[in-house]
Structures are given as C-alpha cells and as structure tokens.
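What follows is a short report on a single structure.
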Amino acid sequence: MSDSDSYQRIYTVVNMIPKGRVATYGQIAELSGLPRQARLVGYALNMLPKGSRIPWHRVINAQGKISLRVEGEGSDSRQARLLKREKIRFNQQGVVDLKVFRWQP
DNA sequence: AAGTTGACTATTT
DNA sequence: AAAATAGCCAACT
C-alpha cells in the first residue's frame, strides 16, 4: 500500500465520527491502523482543503481541548463554534468532557 | 540531502 | 498540577 492510503484511511475514520461526538487524535490513529501516530492525524487534517466535507472539527486532543491556536479572538475559535453547534458542551476551562462525548465505536 | 517543524500522547520531573 | 522529555513520521526548508 502506498503512503497516501494511510491518509485516506484517516479521512474515512474521521468521517465516521457521529454528530455530537468527538474523538482524539490518538484514537483516530489507532482506528486507522496507525497506532502511536497521532501526529500524522493532525498533519493529515492540516492539509485538508477548506471546503472539505470531512468533520475535522470533531477531532480534538487527548486533553479534551482544541489543538488549533486561537484564530484571533481570545475566547473563541472556529472549531469551538462548530462543536457547540453539534451540542457538544465545554466546561469552564473550555474543555470537553471526553468521558461523555468521546466517540465509542 | 540533512535538519527543522508540527491540528499528538504517554511518561517523567 | 504544570512543564519538560521522548517517541513518531510526513512535509518543508
């Protein structure tokens, strides 16, 4: 298999995340057959085109926080808005409760 | 071609 | 609890 197949698998797995749920990079990596390669997942999402239908916003880090740096505002990011739209709740620290919202296949 | 960087995570200070 | 360390690998310089 070629290297780009791994990326394709990552996209497929991300696409499977149900609405209202989130997954961590490590989780996606493992489900994609790439254990221990969470960074590649982030990297794959980073190269994603703007109009992509991949729900990249449902992927967050293992701490339940958003990995992208703030886009200019001090208290909100694009991803946070999208997640709120999906009924995902943040706690006071801006952290998602993974025990509740983590996607469990 | 070799070194740096980054949408990560688990472990150790 | 927060910060540093180590492991991982593709893209970029």
Side-chain angles (χ1 to χ4, degrees):
Chain A
M1 58 175 158
S2 69
D3 40 343
S4 54
D5 286 338
S6 300
Y7 276 46
Q8 199 55 58
R9 248 181 286 182
I10 290 172
Y11 299 142
T12 303
V13 172
V14 173
N15 243 336
M16 280 191 272
I17 304 174
K19 185 180 176 196
R21 290 280 199 236
V22 295
T24 67
Y25 294 93
Q27 183 181 0
I28 298 299
E30 203 160 339
L31 289 171
S32 305
L34 304 163
R36 305 259 152 83
Q37 294 170 244
R39 297 191 91 166
L40 292 194
V41 176
Y43 210 84
L45 294 179
N46 183 45
M47 73 150 76
L48 223 41
K50 186 177 181 180
S52 178
R53 36 228 194 294
I54 309 285
W56 56 271
H57 53 270
R58 295 185 188 139
V59 184
I60 59 182
N61 65 25
Q63 308 166 12
K65 292 187 194 165
I66 293 174
S67 292
L68 276 175
R69 287 169 188 161
V70 193
E71 294 176 3
E73 306 133 78
S75 56
D76 202 353
S77 73
R78 188 147 101 101
Q79 184 164 10
R81 243 189 309 243
L82 288 165
L83 290 176
K84 285 172 186 170
R85 188 207 292 170
E86 308 251 330
K87 310 290 202 272
I88 288 172
R89 302 238 195 144
F90 291 77
N91 100 24
Q92 297 179 347
Q93 311 169 353
V95 178
V96 174
D97 189 348
L98 286 174
K99 294 178 195 230
V100 176
F101 294 104
R102 190 196 281 238
W103 174 43
Q104 299 171 8

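Reckoned from all heavy atoms, side chains included, excluding hydrogens, waters and symmetry mates. Just so it is clear: chains get the letters A, B, ... in the order the sequence lines come, proteins before strands, and each one is counted from 1.
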Tell me the interatomic distance from [X], atom [atom1], to [N], atom [atom2], rounded to whole angstroms.
| X | N | atom1 | atom2 | value |
| --- | --- | --- | --- | --- |
| A:I10 | C:dA10 | CD1 | P | 10 Å |
| A:Q37 | C:dA11 | CD | P | 13 Å |
| A:Y7 | C:dC8 | OH | C1' | 12 Å |
| A:R78 | B:dA7 | CZ | P | 15 Å |

Discussion item. Whether the side chain of A:Y11 engages the backbone of A:A44 through a donor-acceptor N/O pair (distance < 3.5 Å, no angle test) should be reported.
Written reply: yes

Worksheet entry | Set of residues satisfying side chain to side chain donor-acceptor pair (under 3.5 Å) with respect to A:R102, sequence neighbours excluded | A:Q27

Practice prompt. Please identify each residue that fulfils side chain to side chain donor-acceptor pair (under 3.5 Å) with A:T24, with sequence neighbours left out.
Written response: none

Worksheet entry | Contact pattern, 5' to 3', of nucleotides 8-13 of chain B - B, S or - by protein heavy atom under 4.0 Å | BS----

Item to complete: Using a cut-off of 6.0 Å, state whether more than 12 heavy atoms not belonging to A:E30 lie near its atom CD.
Response: no

Fill in: Close residues, residues 13-23 of chain A, relative to DNA chain B [heavy-atom separation under 4.0 Å]
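Those residues: none at all.
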
Item to complete: Could you check which residues of residues 96-105 of chain A get a heavy atom under 4.0 Å from DNA chain B? Sort them by number, please.
Response: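 Residues of residues 96-105 of chain A that come under 4.0 Å of DNA chain B do not exist, since none gets that close.
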
Fill in: Minimum-distance pair of heavy atoms, taken over all atoms of A:Q79 and A:H57
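Scanning both residues completely, I find the closest heavy atoms to be NE2-O, 2.8 Å.
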
Practice prompt. Could you tell me which non-hydrogen atom of A:A23 sits nearest to which non-hydrogen atom of A:W103, and how far apart they are?
Written response: CB-CE3, 4.3 Å

Worksheet item: Can you name the residues that form a side chain to side chain contact (heavy atoms under 4.5 Å, CB included) with A:R39, not counting sequence neighbours?
Response: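 With neighbours one apart ignored, the set is empty.
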
If you define the side chain from C-beta out and look only at heavy atoms, does anything of [X] sit under 4.5 Å from [Y]?
| X | Y | answer |
| --- | --- | --- |
| A:I28 | A:I17 | yes |
| A:K50 | A:S52 | no |
| A:S6 | A:L40 | no |
| A:N15 | A:P55 | yes |

Practice prompt. In whole angstrom, give me the gap between the P atoms of C:dG7 and B:dA7.
Written response: 22 Å

